[in-house]
Protein chains: 2
Amino acid sequence: MTPNAERALDALGDPTRRLVFKRLRGGTRSVREIAEGLDVSRPAVSQHLKVLRTAGLAVVRIEGTRRLYAVDTRGVEALRSWLDGFWDKALVAFKTAVEREAVKRRKP
Amino acid sequence: MTPNAERALDALGDPTRRLVFKRLRGGTRSVREIAEGLDVSRPAVSQHLKVLRTAGLAVVRIEGTRRLYAVDTRGVEALRSWLDGFWDKALVAFKTAVEREAVKRRKP
DNA sequence: TCTATACGTTAGTATTGACTTACGGTTAGT
DNA sequence: ACTAACCGTAAGTCAATACTAACGTATAGA
């Protein structure tokens, strides 16, 4: 799917879906391998993987009867650039100002 | 609140909460200013801001009767480093491999 | 003191969505 | 052809949560 930061954030908003996604960090895995050890059923994992795919965070490769999932770095890239919108120089300047305020308030 | 990537992702999983958060990108704003134009009530915005604060994504500064909210860059930083865990060289190498597969499949 | 403004919180409701169960389709092996 | 392994999908249920309405608090100003 085309990478979209908003959809990626929606996808990563769920804890167990993050667990599924984090299992892809270790490399390519089949659905069975991903579901193993998780306390949800295999169909649930399949549904999570579908959401991750739609969000541009995962890719599939069919191999025999198995489907091997892996991280789609384009989704991660989309998230990075979205985050960068909250990380420009003006905001950093404000951050230091806030921290000074916090220190002053801590020592009245 | 102490910056935590998981909680930040939980917070940004909601669309209207992202709208609230994106309004902080323009600089410091009061709750009234943030709620203006949104199709949810002002108390709803307050609740969203509380979640963003708990997630380490927003900071408050009291000024008279108003509360000025701003982006907490520490939360954004936490998200960035979390994302970097899915962005190492091994994954990039795999990405190019997947793209080659996709091209082959498109031209059978 | 009285009023208005600006917010946070609580209680209650409604809707979203994560999960299980059951089923169907596909491939590999015998 | 038959079986087993692997996986996606559909339907239905239940819990999480986003929202509104009502209320209470604090500050600024007249």
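All values reported here derive from a predicted model rather than from experimental measurement. Each chain gets a letter, A, B and so on, in the order the sequences are listed, and its residues count up from 1.
Side-chain atoms of A:Gln47 lie closest to D:dT9 of the nucleotides D:dC19, D:dT9, C:dG8. For A:Arg17, whose side chain is taken as the heavy atoms from C-beta onward, the closest listed nucleotide among C:dT20, C:dC7, C:dA18 is C:dA18. Side-chain atoms of B:His48 lie closest to D:dA18 of the nucleotides C:dT10, D:dA18, D:dT9. Of the candidate nucleotides C:dA11, C:dT21, D:dA18, C:dT21 has the atom nearest to the side chain of A:Ser41. Listed candidates were C:dT20, D:dT27, D:dT20. Nearest to the side chain of A:Ala44 is C:dT20. Looking at the side chain of B:Thr65, the nearest of the listed nucleotides D:dT27, C:dT21, C:dC19 is D:dT27. Out of D:dG8, D:dC7, C:dA18, the shortest distance to the side chain of A:Arg66 is found at D:dC7. Comparing D:dC19, D:dC7, C:dC7 by their closest approach to the side chain of B:Thr16 singles out D:dC19.
Taking 4.0 Å as the cut-off between side-chain N and carboxylate O, A:Glu6 and B:Lys22 count as a salt-bridged pair. Look at A:Arg18 and B:Asp10 and you find a salt bridge, because one of the NZ, NE, NH1 or NH2 atoms lies within 4.0 Å of a carboxylate O, short of that distance. Electrostatic pairing of A:Asp84 and B:Arg80 counts as a salt bridge here, judged by a charged N lying under 4.0 Å from a carboxylate O.
Look at CZ on A:Arg61: it is 19 Å from C1' on D:dG8, rounded to the nearest Å. Across the protein-nucleic acid pair, A:Leu38 atom CG and C:dA18 atom C1' stand 14 Å apart, rounded to whole Å.
Taking side-chain N and O atoms only, B:Ser30 has a distance below 4.0 Å to OP1 or OP2 of C:dC7. For A:Lys50 and D:dG8, the shortest distance from a side-chain N or O to OP1 or OP2 is not below 4.0 Å.
Across the interface with DNA chain C, nearest-nucleotide mapping of B:Arg32 and A:Arg42 shows B:Arg32 to be the residue nearer the 5′ end. Between A:Val51 and B:Glu33, it is B:Glu33 whose nearest contact on DNA chain C lies nearer the 5' terminus.
Nucleic acid contact for B:Asp39: sugar-phosphate only, since backbone atoms but no base atoms lie under 4.0 Å from a heavy atom of the residue.
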